[in-house]
Each structure stands twice: as structure tokens, then as C-alpha cells.
Amino acid sequence: MYETIDTTIEKIYVIQPITNENATKYKVLQEEAVALIESAGALYAGTIYQNVREVNAATFIGAGKLQELRERLDGLDEITVLFNGELSPSQTLNISAFLDDRKVIDRTTLILDIFAKNARSGEGKLQVELAQLKYLYPRLKGKGAALSRLGGGVGTRGPGETKLETDRRYIRGRLKYLEARLKETEKRRALQTVRRKKNDVKTIALVGYTNTGKSTLLNLLTGADVYVKNELFATLDPTARTFEIEGIHFLLVDTVGFLQDLPHNLIEAFKSTLESAINCDLALIVCDAMGEYEMQAQTTLNTLKDMEFSSPYLLVMNKTESITDTSVLPYGSIAISAKEKLGIDDLKREILRQFKNEFLFCRLHVPYAQLSDYAKKKKYLTERTTTYEDDGQLLDVVIPACHAEKFTEYIIERISI
Ligand SMILES: Nc1nc2c(ncn2[C@@H]2O[C@H](COP(=O)(O)OP(=O)(O)OP(=O)(O)O)[C@@H](O)[C@H]2O)c(=O)[nH]1
Ligand SMILES: [Mg+2]
């Protein structure tokens with residue numbers, strides 16, 4: 001009996017450094033590396049850990065450990081090595097040389113690779129290419145043929161080896177072109193935002209760590225059919241859908257997820273698509289209650305704050321269907337399960353509460369003689385229920401606070417919801 005090996009799937013072995021900075025979180029980083037490998041469509045082959053008290057300038061980790069790794073991988077030709085951190089170009093090349101010219105990638109390259117795989121829209125593809133080239137450009141310092149080893153991500157999704165080898169000038173031109181194209185789309189988006197603000201529709205952004213269930217929640221709340229998958233960075237392109245709570249329309253925006261140590265270039269590249277989330281009226285920070293939710297919330301907030309985010313937010317703990325004691329979750333957070341549709345009414349109530357100063361829930365009495373006057377103004381409010389009395393109509397309505405004055409004569413009471 002013999003095993004057949006699928007040589008079309010790349011196998012990746014992880015080097016996990018343990019440093020002073022990551023001493024408390026290296027295990028989570030290693031688990032994320034495995035999830036990243038799987039999300040890239042590759043196979044996880046194993047991990048070697050290395051305590052790094054002092055970074056070796058040439059190879060990051062020491063020669064002894066590299067020798068051990070070399071022996072472990074001896075005879076396994078098809079295995080790529082992932083260094084789960086950021087390497088300088090020369091470190092990448094040196095490790096590769098030490099490991100018999102094996103392909104070596106770092107965490108950033110792998111993340112960029114997944115982004116390249118998952119970008120669907122034209123804009124998303126431009127953004128990923130821009131980030132990839134920006135990452136590579138300073139690394140291309142005339143090292144000749146060896147550079148090709150820096151270029152590739154998993155499989156053939158790097159920006160292309162020949163291009164990299166031949167011409168830094170080409171890349172400079174391409175960077176300019178990509179930046180100009182993206183500027184155009186940004187302008188268009190700014191216009192849309194202005195239009196939306198005019199329409200008084202409040203924007204709610206779904207933000208949070210990757211794979212926490214943002215898209216699942218969007219689908220549940222809006223009836224959309226956004227791609228949901230148990231992998232990292234399933235969503236790259238933002239999606240916006242409207243939904244309604246008690247007669248108030250909201251725009252819900254789904255965005256790219258975050259991860260600790262996300263490459264800075266990548267955040268920069270995606271800043272424009274995150275614009276709607278950054279300038280939202282309310283953010284829902286979605287966390288995985290079965291995972292490291294405190295770290296997830298912190299990473300999300302830190303990343304958003306770097307982009308000058310200052311909107312109000314709610315902490316939403318998702319995947320709580322199998323948690324028996326939700327009192328251990330962060331104070332003030334809302335426990336839900338998007339998959340099992342639990343806690344959704346609580347979430348909606350909390351969202352409404354956030355906007356309580358912006359909308360009036362009230363009962364109107366409109367005498368029949370005034371109906372034509374009312375008809376002219378009713379576009380400013382949402383009617384929830386209508387009953388017909390002898391002397392006129394009784395209506396339960398929601399009025400945006402800025403239009404409330406128009407209805408003063410008809411308001412007979414405020415309603416608590
Ligand atoms: N157990 C459980 N799983 C859930 C729940 N909500 C979503 N999931 C699963 O979590 C995985 C990720 O869901 P997504 O909605 O794609 O998550 P996301 O935050 O949009 O992820 P990215 O777009 O990759 O950042 C999927 O396998 C979902 O089925 C939940 O309430 N409970
Ligand atoms: Mg998603």
C-alpha cells in the first residue's frame with residue numbers, strides 16, 4: 001500500500017519565533033498561522049518553535065535551529081517554509097539559502113496572498129496589487145535572480161516573477177497607475193457618502209476580527225447573501241445593505257476583518273474602502289465569544305483608531321449559542337448567535353437606544369380636514385400603524401428629530417419602545 005500525495009497543493013511548515021514581545025500570545029499567533037495557511041488553500045505541515053532572546057541579524061533565528069529544521073525537512077521537496085513574523089529581504093534570502101534554496105515566505109506575504117485570492121471587485125484587486133507591490137518594492141535592491149524567491153506568494157499569486165526581476169521602474173510606474181485609479185474610485189465613493197448623508201440614512205458598520213461572523217450577521221439582518229466561510233479574510237470588498245428596525249431604515253456595511261500584526265501597507269491600501277466604516281454613525285464590533293474576544297476587540301479598536309475612527313460602538317459577542325454563562329463576557333456587550341438567530345432582538349433594541357436622540361417615536365392625531373397638509377409632509381416620517389377614528393387618523397410614527405417640528409400640531413404623545 002502506498003499513499004498518493006496531491007502535489008498541486010502547497011504544504012507549508014511554520015517557524016514560530018518566541019520573543020519578549022509575543023511571549024504571551026505566540027500560541028495564538030501560531031494557531032492563526034495554521035488558519036492563514038488553510039485560508040490560502042495550502043496544507044499545514046508542522047511547526048518548529050524557537051526562543052529568540054536576541055535576533056540574529058542575518059537569519060532572525062539562530063543557525064542551530066535552522067539546522068534542526070533543515071534536517072526535519074530533509075527529503076521533503078515540496079514544502080514551503082512560513083516564518084510567522086516579518087522578515088527583511090536579506091533574512092528571507094539567507095534562510096532560504098540555509099534550507100537548500102527552499103521557498104521561504106513571511107506572515108505578510110501570506111496575508112497578501114489570501115487577499116489576492118479573495119479580492120473580487122476591480123477596486124479590491126487594485127488595492128491588493130498596490131499593497132503587494134509596496135511590500136516588494138523596497139525589497140528589490142538588485143539582488144538578481146534570487147529576487148524571484150521574494151516575489152511569489154503561495155502558488156502563483158505573487159505579482160509575477162518576471163516583472164519583479166526585470167524592472168523596478170516598471171513597478172514604480174505601476175504603483176503610480178494604481179494610485180491614480182484608486183483615487184478616482186475614492187472620489188466616487190465620497191460623492192455617494194454625501195448623497196447618503198442627505199438621505200438621512202444612518203450607517204451602521206460591521207467591523208471586527210476576521211472570521212467572527214460579520215457577514216453572517218449582515219445576511220441575517222438584511223436578508224443578503226454575502227459569502228460566509230470558515231476561513232480568514234473571506235470578505236474583502238465592502239457590502240452595504242439596508243435594513244429596518246421599528247420603521248427606521250439603516251444602512252449596514254460589512255467590511256474586511258482585522259488580524260493582529262496586520263501589515264501596515266494593507267491597512268493603508270484598504271483605508272478608502274473602510275471609509276464608510278470609519279465614518280459610520282454606529283459601529284458593531286463583532287467578536288467570537290468562543291475565541292480570544294478581548295484581544296479581538298482591542299486589535300479592532302486599535303486598528304480603527306489608527307484610522308481616526310471616533311464613532312460610537314457596541315461590542316457584540318457572537319457565537320454564544322454554546323456558552324452557558326454569558327455573564328463572563330465583557331460588561332455592556334451584547335451576546336448573540338448569528339448562526340442560531342439568538343439575541344437579535346436585544347441587539348436591535350440596543351441599536352435603537354443608541355439613536356434615541358435622533359428619532360421620535362410618537363402618536364399623531366391628524367384630523368380629516370388636515371389630511372392634505374399631512375400628506376405633503378409624510379415623506380419625512382415612517383408610519384408604523386394607522387387607525388381610523390371618527391374625527392381623524394391616529395398614527396404611530398417614527399420621525400427623525402430634525403423633522404419633528406413639522407409635526408408639532410399633530411403629536412399627541414411620545415411612545416416608549
Ligand atoms: N458557532 C457559530 N458559528 C458562527 C456564528 N456566526 C457565524 N459563524 C461561522 O463563523 C464562520 C465565519 O463567518 P463569517 O460570517 O464569514 O465571518 P466574517 O467575520 O465575515 O469573516 P471574514 O469575512 O473572513 O473576516 C463561518 O463558518 C460561520 O458559519 C455563530 O453564531 N455561531
Ligand atoms: Mg466576512
Side-chain angles (χ1 to χ4, degrees), residues 28 31-41 107 110-121 123-124 127-128 131 204-241 243 252-263 266-267 269-270 273-274 276-277 280 283-293 295-301 303-304 313-324 326 329 333-348:
V28 178
E31 284 162 13
E32 281 177 1
V34 176
L36 285 169
I37 288 168
E38 284 163 1
S39 302
R107 184 173 164 100
L110 181 58
I111 292 173
L112 286 169
D113 192 78
I114 298 169
F115 273 58
K117 170 174 154 272
N118 292 353
R120 298 272 177 280
S121 73
E123 185 180 14
Q127 285 168 325
V128 176
I204 301 178
L206 288 162
V207 290
Y209 218 65
T210 181
N211 209 39
T212 52
K214 299 177 294 299
S215 300
T216 309
L217 184 56
L218 176 100
N219 287 345
L220 177 63
L221 289 173
T222 68
D225 189 18
V226 170
Y227 183 65
V228 164
K229 195 140 190 241
N230 189 16
E231 69 177 42
L232 308 190
F233 306 118
T235 305
L236 277 198
D237 303 310
T239 308
R241 293 278 190 284
F243 78 115
L252 192 63
V253 186
D254 187 17
T255 56
V256 58
F258 300 140
L259 192 72
Q260 45 187 340
D261 304 335
L262 207 56
L266 206 53
I267 297 172
F270 276 80
T273 42
L274 282 166
S276 51
C280 65
L284 304 181
I285 298 187
V286 184
C287 302
D288 179 348
M290 295 197 292
E292 304 271 328
Y293 50 79
M295 176 277 288
Q296 294 171 356
Q298 209 47 55
T299 303
T300 304
L301 274 170
T303 315
L304 285 172
Y313 63 87
L314 293 173
L315 268 189
V316 179
M317 294 289 137
N318 189 30
K319 312 196 186 183
T320 58
E321 71 273 2
S322 48
I323 293 183
T324 41
T326 52
L329 297 173
S333 64
I334 305 148
I336 67 159
S337 166
K339 201 169 176 180
E340 302 299 329
K341 305 184 173 64
L342 300 171
I344 304 304
D345 287 341
D346 291 346
L347 175 62
K348 288 183 174 172

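The figures here come from the full heavy-atom set of this structure, side chains too, leaving out hydrogens, waters and symmetry mates. All figures in this text were calculated on a predicted structure; none of them were measured in a lab. Just follow the structure's listing: the first ligand is 1, and inside any ligand the first atom is 1.
Checking side-chain atoms of Ser121 against main-chain N and O of Gly124 turns up a donor-acceptor pair under 3.5 Å. Counting only distance, with no hydrogens or angles, the side chain of Thr299 and the backbone of Met295 share a donor-acceptor pair below 3.5 Å. Of the possible polar contacts, one joining the Asn318 side chain to the Ala338 backbone as a donor-acceptor pair under 3.5 Å is found.
Remark: Asp237 does not engage Arg120 in a salt bridge, criterion side-chain N to carboxylate O under 4.0 Å.
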Please lay out, stage by stage, how Leu206 and Ile285 fare under the test side chain to side chain contact (heavy atoms under 4.5 Å, CB included).
CA-CA 6 Å; Leu206 288 162; Ile285 298 187; over 6 Å; no
Trace of the side chain to side chain donor-acceptor pair (under 3.5 Å) decision for Asp254 with Ser215:
CA-CA 6 Å; Asp254 187 17; Ser215 300; 2.6 Å; yes
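Sequence neighbours left out, the pairs with a member in residues 212-229 that pass salt bridge (charged side-chain N to carboxylate O under 4.0 Å, His left out) are Lys229-Glu231.
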When you check ligand 1 against the protein, what N or O pairs turn up below 3.5 Å? List the atom names and distances, or just say none.
| from | atom 1 | to | atom 2 | distance (Å) |
| --- | --- | --- | --- | --- |
| ligand 1 | 1 (N) | Glu321 | OE2 | 2.5 |
| ligand 1 | 6 (N) | Asn318 | ND2 | 3.1 |
| ligand 1 | 10 (O) | Lys319 | NZ | 3.1 |
| ligand 1 | 15 (O) | Ser215 | N | 3.4 |
| ligand 1 | 15 (O) | Thr216 | N | 2.8 |
| ligand 1 | 15 (O) | Thr216 | OG1 | 2.5 |
| ligand 1 | 16 (O) | Lys229 | N | 3.2 |
| ligand 1 | 16 (O) | Lys229 | O | 3.4 |
| ligand 1 | 17 (O) | Gly213 | N | 3.0 |
| ligand 1 | 19 (O) | Thr212 | N | 3.1 |
| ligand 1 | 19 (O) | Gly213 | N | 2.9 |
| ligand 1 | 19 (O) | Lys214 | N | 2.9 |
| ligand 1 | 19 (O) | Lys214 | NZ | 2.7 |
| ligand 1 | 20 (O) | Ser215 | N | 3.0 |
| ligand 1 | 20 (O) | Ser215 | OG | 2.9 |
| ligand 1 | 21 (O) | Asn211 | N | 3.0 |
| ligand 1 | 23 (O) | Thr235 | N | 2.9 |
| ligand 1 | 23 (O) | Thr235 | OG1 | 2.8 |
| ligand 1 | 24 (O) | Thr210 | OG1 | 3.2 |
| ligand 1 | 24 (O) | Glu231 | O | 3.2 |
| ligand 1 | 24 (O) | Phe233 | N | 3.1 |
| ligand 1 | 24 (O) | Ala234 | N | 2.6 |
| ligand 1 | 25 (O) | Thr210 | OG1 | 2.9 |
| ligand 1 | 25 (O) | Asn211 | N | 3.2 |
| ligand 1 | 25 (O) | Lys214 | NZ | 3.2 |
| ligand 1 | 27 (O) | Asn230 | N | 3.4 |
| ligand 1 | 31 (O) | Asn318 | OD1 | 3.1 |
| ligand 1 | 31 (O) | Ser337 | OG | 3.0 |
| ligand 1 | 31 (O) | Ala338 | N | 3.1 |
| ligand 1 | 31 (O) | Lys339 | N | 3.1 |
| ligand 1 | 32 (N) | Glu321 | OE1 | 3.0 |
| ligand 1 | 32 (N) | Glu321 | OE2 | 3.1 |

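Within the protein, the N, O or S atoms lying under 2.8 Å from the Mg ion (ligand 2) are Ser215 OG, Thr235 OG1.
Contact of the Gln298 side chain with the Gln260 side chain is not registered, since no non-hydrogen atoms from C-beta on lie closer than 4.5 Å.
Not a single ring pair (Phe, Tyr, Trp, His ring centres under 6.0 Å) links Tyr293 to another residue, sequence neighbours left out.
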